[in-house]
Amino acid sequence: MEPEARKKLEETTRWDPAEAESRIFAGWLDGGYFHPEATGTAEENYSVSIPPPNVTGVLHMGHALNGSMQDALVRMNRMAGRNTLWLLGTDHAGIATQAVVEKGLREEGRDRHEMGRDAFIERVWEWKELYGARIRDQYQRLGASCDYERERFTLDEGYARAVRRVFVSLFEKGYIYRDNYMVNWDPGSRSAISDLEVENREETDTLYSIDYPVEGVDRVLTVATVRPETMLADTAVAVNPADERYADLVGQHCILPLVGRRIPIIADEHVDVEFGTGALKITPGHDVNDFEIGRRHGLEEITVIGEDGRMNAEAGEAYEGLTVAEAQEAVVEALRQEGVLSAEEPYTHSVPFSHRSGERIEPLISLQWFCRMDELAAPAIEAVEQDRVKITPEQWKRVYLDWMNEIRPWCVSRQLWWGHRIPVWYRGDEVYVGESDPEGEGWVQDEDVLDTWFSSAIWPFATLGWPDDTPDLRAFYPTDFLTTAREILFLWVARMIMTGIEFAGDVPFDDVYVHSVIQARDGRRMSKSLGTGIDPLEEIDRHGADALRFGLLAMSSTQDVRYSDAKVQQGRDLANKLWNASRLILLNASDPGERVPPAEPALPEDRWILSRLESTIAEVTELLDRYDFSHAAQALYGFVFADLCDWYLEIVKPRLYDGDQAASTVLLWTLERTLALVHPVMPFVTEEIWSYHPYRDGQLVIHPFPEAIGDRIDPGLEAEFGRAIELTRQLRGWRDQAGVPPRVILSAVPPGDEPVPEFVGRLSRVEQAESGGDPIATVSGFGILASGEIDEEALRERLSQRRTKLEAELAKVAGKLGNAGFVENAPPEVVAEEREREAEIRAELAELG
RNA sequence: GGGCGCGUAGCUCAGCGGUAGAGCGCUCGCUUCACACGCGAGAGGUCGCUGGUUCGAACCCAGCCGCGCCCACCA
């Protein structure tokens, strides 16, 4: 080692991520390791496309978790020698981005209409440049090994062409059509939104009962509604056809109060006989069910609420211009005046709200573009049923299939400016649908844009150059792995599977892992508006990216979990431990001059650590293959802290200081493999340590990932060593409880039957007595000789406690063995274990005297 | 209204048919020549409740009590 490097290693007693991380990351970028060539086949290559973050903001904890998982797998596969691509990009996020930019405008006292469409879009692009770059920087802070040279954006020119191709193709197939239909109108964004962007909340409203007089007779039909203002658009009253109470009225008419309109009384199965009076007012223009009923019966569709959320002229002079809430108040008052309001009671029900703007959804009939999904869904259902796309954890497969089997048409048009303009042009009655502008004069393009998810649905192949047959597409599609939050399983994952099969000829990925949601420390959602968010960048500043990555993986699970500072600290501790263990090894090991794997070692401790190392490699690899990140992280931690540092390094220290070549060889080898094994989870600290390793022949980021060497795994030896470790613990525990100060070395007569490893005595500070003596106590066969340092009082106390505990256990074991049912029915090895256990307890009790 | 999941040590979570585990926190002791972001030793659980299956249940089954999420067009 260069003297300068040695000096730095000697002096740096703590891993300092702030100093090292950006330097290390720059080294990776310089090496070009994240930018694969488009060679080989998708089958042999490994690729992942990042779930593109919205350009609306900054990296949050969900991205950090998601990114840590992807990077762990990507790095592992890259190290394993596969041509690996992790494609980075961002999503234009139509509504969300437009909303934040509009908010900024409002603060300047401006609005988009005054600016005009082109100027507004230019303004959003400025925003995009700013935030897109920020997101890229933040992924780099996390250590994400994305291909930063292949970065894509869902509004790139090439991407836009792919979107148009998809739209036109679906149109030509007859899946996409334009229709006047009831949509979820979001008054906040002044746009239609899809069913998936609607969130239902429990609300307590007032349920009003209104008497509708029947024409020509002295009877009323009482209907119940939570939205009396919509009565202005009523065009029928419905009853259940089986409801005898009203059988004679079907076909008759009511007179709509306030309005005076004559509306038919119809019979429809949808009406619930049990609810209220069993009569239902029908408002086809403003209620989803009523709309369906209206279409079934050919009812008139009247619209009284406009897209601005205010009453229109159809509502009548008294109400025009009022907000819905004001209109409700006015209508109720008018009904009261007329004496037709027969009841008011509180009523709790679920009410739709816009996921984006938070405003209450106004169901409206509107001219929109829709996409029929059945044909696209069928092969996507089959793909998941057959596990060609394998969903983990498995319960989400069912959820996906249930949803897909009930799939409904998708409203794909949005009344926004920021997004992919719908590739449809109109000229009088003519309609042109095409990938590029129509020939001729006078064409006007549809004003609307496509739902953001329409473009993200084609992300895995559009980012690789589709519709062209590009080298990237051939080398990296289909991708291998997708990790996602469950909330976008339908919104995004399902749609990618559908478009992948339809347009790219294959499923977009083999595996989908649905990860947990990290909640705030108090169990609430992490959310900016609640102020419960924890900023991953701040955590990186505090503890380092390795610590955060480890922490997130360790706390992740198949269920939702609360953010755990302790796990991040555990990661920080692990980085530091690795750093310091490496210092010990690298500063003291004698360099064999060339990279040599240890020969079959003579000493059991050497064979033991090599066995533990290979066992850990096998275990971690298997866990990562199963996407069990949390247990993988714990296994790494356990190996480094317990096996390597607490035991092996302590055992081997004297040999290391003596320049023992065998010990050095084992240590350098073990360190090399450990660094490579840990690298996918904690890339920075491992890369840095590797730069000091004598075997270094390039950066760790492309160092071969260790494959477990089965021959070195020796379960028998591990068990035997486990006993020696346990023995050491017993002796330490005994002396602690006997009040023996740590400095004191006790004398003891070792058990005669089999040799005890040297380290047991050394690490427990118990030395073999020169000559026999009269032991005052026996600990696992060791006869401890008297010493003035033993606190007899404490010892007696300890003995009696131990005895009580053992006796209780003995009673339990004996009870089991005394049970004929157990001895006869339990597997023989279980019975044998219990017998052994009984013997052990009896032996220890005998030792205690 | 359907569906899914969760209730295990003070906290956050593993374990999911054969002696209750981890990390943090807590107690005691250590400036032991890699690391105090450390080392050693401990204390601490009737595994939500009630039944059932089993030689044996935290783990399987049924019911109940709490909590969370997803889906759903009863005004």
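FYI, side chains are in, hydrogens and waters are out, and symmetry mates aren't considered; it's all heavy atoms of this structure. A note on names: the letters A, B, ... follow the listed sequences, proteins ahead of strands, and every chain is numbered from 1.
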Legend entry - A:Lys567 side-chain proximity, nearest of B:rG29, B:rA22, B:rC55: B:rA22
Inset, instruction - Using the P atom on both, measure B:rA58 against B:rU27 and round to a whole Å. - result: 32 Å
Inset, instruction - May I have the distance from A:Gln570 (atom CD) to B:rA14 (atom C1'), rounded to whole angstrom? - result: 12 Å
Inset, instruction - Just compare B:rC37, B:rG18, B:rA41 and give me whichever is closest to any side-chain atom of A:Gln737. - result: B:rA41
Inset, instruction - Measure from the side chain of A:Ser557, starting at C-beta and using heavy atoms only, and say which of B:rC35, B:rA14, B:rA41 lies closest. - result: B:rA14
Legend entry - Spacing of the C1' atoms in B:rG5 and B:rA9 (rounded, Å): 23 Å
Inset, instruction - Give a yes/no answer on whether the side chain of A:Lys397 brings an N or O atom under 4.0 Å of OP1 or OP2 in B:rG3. - result: no
Inset, instruction - Would you please confirm or rule out a distance under 4.0 Å between OP1 or OP2 of B:rC4 and any side-chain N or O of A:Gln559? - result: no
Inset, instruction - Name the nucleic acid region contacted by A:Lys812, choosing base, sugar-phosphate or nothing; use a 4.0 angstrom heavy-atom cut-off, strictly under. - result: sugar-phosphate
Legend entry - RNA chain B: 5'-proximal contact among A:His631 and A:Gly278 (nearest heavy atom): A:His631
Inset, instruction - Would you mind telling me which of B:rA36, B:rC71, B:rA14 lies closest to the side-chain atoms of A:Phe490? - result: B:rC71
Legend entry - A:Thr804-A:Glu807 side chain donor-acceptor pair, cut-off 3.5 Å: no
Inset, instruction - Check every strand shown and say whether A:Val399 touches a base, only sugar-phosphate, or nothing at a heavy-atom separation below 4.0 Å. - result: nothing
Inset, instruction - Look at the side-chain N and O atoms of A:Arg408 and state whether any lies under 4.0 Å from the OP1 or OP2 oxygen of B:rC73. - result: yes
Legend entry - Presence of A:Arg583 side-chain N/O under 4.0 Å of B:rC35 phosphate oxygens OP1/OP2: no
Inset, instruction - Take the protein atom CD of A:Gln730 and the nucleotide atom C1' of B:rG42, then report the distance between them rounded to whole Å. - result: 14 Å
Inset, instruction - Give A:Arg486 one of three labels, base, sugar-phosphate or nothing, depending on what nucleic acid heavy atoms sit under 4.0 Å from its own. - result: sugar-phosphate
Legend entry - Residues which pass side chain to side chain donor-acceptor pair (under 3.5 Å) with A:Thr204, listed by chain and number, not counting sequence neighbours: A:Thr348
Inset, instruction - Would you please classify the geometry between the A:Phe291 ring and the A:Tyr181 ring as parallel, tilted or perpendicular, with 30° and 60° separating the classes? - result: perpendicular
Inset, instruction - Report the stems of RNA chain B as range-with-range entries sorted by first number; a stem here is at least three consecutive pairs, Watson-Crick or G-U wobble, both distances under 3.5 Å, and write none if there are none. - result: B:1-7 with B:65-71, B:10-13 with B:21-24, B:26-30 with B:38-42, B:48-52 with B:60-64
Legend entry - Exercise: do A:Ser557 and A:Ser630 side chains pair donor with acceptor under 3.5 Å: no
Inset, instruction - Select one nucleotide: of B:rU12, B:rC35, B:rG40, the one nearest the side-chain heavy atoms of A:Arg732. - result: B:rG40
Legend entry - Rounded distance in Å between the P positions of B:rC4 and B:rG63: 13 Å
Inset, instruction - Just call it for A:Arg14: base, sugar-phosphate, or nothing, with non-hydrogen atoms closer than 4.0 Å on any strand. - result: base
Inset, instruction - Look at the aromatic rings of A:Tyr627 and A:Tyr513 and report parallel, tilted or perpendicular, splitting at 30° and 60°. - result: tilted
Inset, instruction - Could you check whether A:Glu274 gets within reach of a base, just the sugar-phosphate, or nothing at all, counting any heavy atom under 4.0 Å? - result: nothing
Legend entry - Closest to side chain of A:Lys816, choosing from B:rU12, B:rG18, B:rC4: B:rG18
Legend entry - Rounded distance in Å between the C1' positions of B:rA20 and B:rG56: 15 Å
Legend entry - Among B:rC6, B:rG18, B:rG40, the one nearest A:Phe822 by side-chain distance: B:rG18
Inset, instruction - Provide, to the nearest angstrom, the distance between the CD atom belonging to A:Glu292 and the P atom belonging to B:rC74. - result: 13 Å
Legend entry - Pairwise P distance, B:rA41 and B:rC24 [rounded to whole Å]: 14 Å
Inset, instruction - Answer with base, sugar-phosphate or nothing: what part of the nucleic acid does A:Asp290 contact at a heavy-atom distance below 4.0 Å? - result: nothing
Inset, instruction - Please check the phosphate of B:rC37 (OP1 and OP2 only) for any side-chain N or O of A:Arg572 closer than 4.0 Å. - result: no
Legend entry - Rounded interatomic separation in angstrom, taking CG from A:Asn825 and P from B:rU53: 15 Å
Inset, instruction - Apply side chain to side chain donor-acceptor pair (under 3.5 Å) to A:Asp211 and list each qualifying residue two or more places apart in sequence or on a separate chain. - result: A:Thr222, A:Ser342
Inset, instruction - Find the distance A:Gln569:CD to B:rC35:P and express it as a whole number of Å. - result: 21 Å
Legend entry - Whole angstrom value for the distance that separates C1' of B:rC71 from CZ of A:Arg201: 17 Å
Inset, instruction - Scan A:Val830 against the nucleic acid and name what it touches under 4.0 Å (heavy atoms): base, sugar-phosphate only, or nothing. - result: base
Legend entry - Sugar-phosphate only, base, or nothing, as touched by A:His349 at under 4.0 Å among non-hydrogen atoms: sugar-phosphate
Inset, instruction - Determine the Euclidean distance between corresponding P atoms of B:rG38 and B:rG23; express it in Å to zero decimal places. - result: 12 Å
Inset, instruction - May I have the distance from A:Asp522 (atom CG) to B:rC67 (atom P), rounded to whole angstrom? - result: 17 Å
Legend entry - Among B:rG38, B:rC73, B:rA14, the nucleotide that comes nearest once only the side chain of A:Asn289 is considered: B:rC73
Inset, instruction - Using atom types as modelled and distance alone, determine if a side-chain donor or acceptor of A:Arg360 lies under 3.5 Å from a backbone N or O of A:Val351. - result: no
Legend entry - Rounded C1' spacing from B:rG10 to B:rG18 in Å: 30 Å
Inset, instruction - Choose from B:rC55, B:rG29, B:rU12 the nucleotide whose nearest atom is closest to any side-chain atom of A:Asn819. - result: B:rC55
Legend entry - Residue that, paired with A:His286, satisfies side chain to side chain contact (heavy atoms under 4.5 Å, CB included) out of A:Val324, A:Asp234, A:Leu364: A:Leu364
Inset, instruction - Please state how far atom CZ in A:Arg743 lies from atom P in B:rA41, giving the value in whole angstrom units. - result: 18 Å
Inset, instruction - Mind telling me whether A:Phe641 and A:Tyr637 have parallel, tilted or perpendicular rings, with 30° and 60° as the class edges? - result: parallel
Inset, instruction - Please answer whether the main-chain N or O of A:Asn576 pairs with a side-chain N or O of A:Arg14 as donor and acceptor at a distance below 3.5 Å. - result: no
Inset, instruction - For A:Ser556 and A:Leu553, indicate whether the former's side chain and the latter's backbone hold a donor-acceptor pair under 3.5 Å. - result: yes
Inset, instruction - Check every strand shown and say whether A:Tyr563 touches a base, only sugar-phosphate, or nothing at a heavy-atom separation below 4.0 Å. - result: nothing
Inset, instruction - Determine the interatomic distance between P on B:rG25 and the same-named atom on B:rA62; round to the nearest Å. - result: 41 Å
Inset, instruction - Mind checking the NZ-OG1 spacing from A:Lys7 to A:Thr12? Nearest 0.5 Å is all I need. - result: 9.5 Å
Inset, instruction - Compare side-chain N and O positions of A:Lys577 against OP1 and OP2 of B:rC39 and report whether any pair is under 4.0 Å apart. - result: yes
Inset, instruction - Return the 5'-most residue of the pair A:Gly276, A:Trp647 with respect to RNA chain B, ranking by each residue's nearest nucleotide. - result: A:Trp647
Inset, instruction - Using a 4.0 Å heavy-atom cut-off across all strands, classify A:Arg729 as base, sugar-phosphate, or nothing. - result: sugar-phosphate
Inset, instruction - Give A:Pro363 one of three labels, base, sugar-phosphate or nothing, depending on what nucleic acid heavy atoms sit under 4.0 Å from its own. - result: nothing
Inset, instruction - Consider the side chain of A:Asn580, meaning its heavy atoms from C-beta on, and name the nucleotide among B:rC35, B:rC55, B:rG23 that approaches it most closely. - result: B:rC35
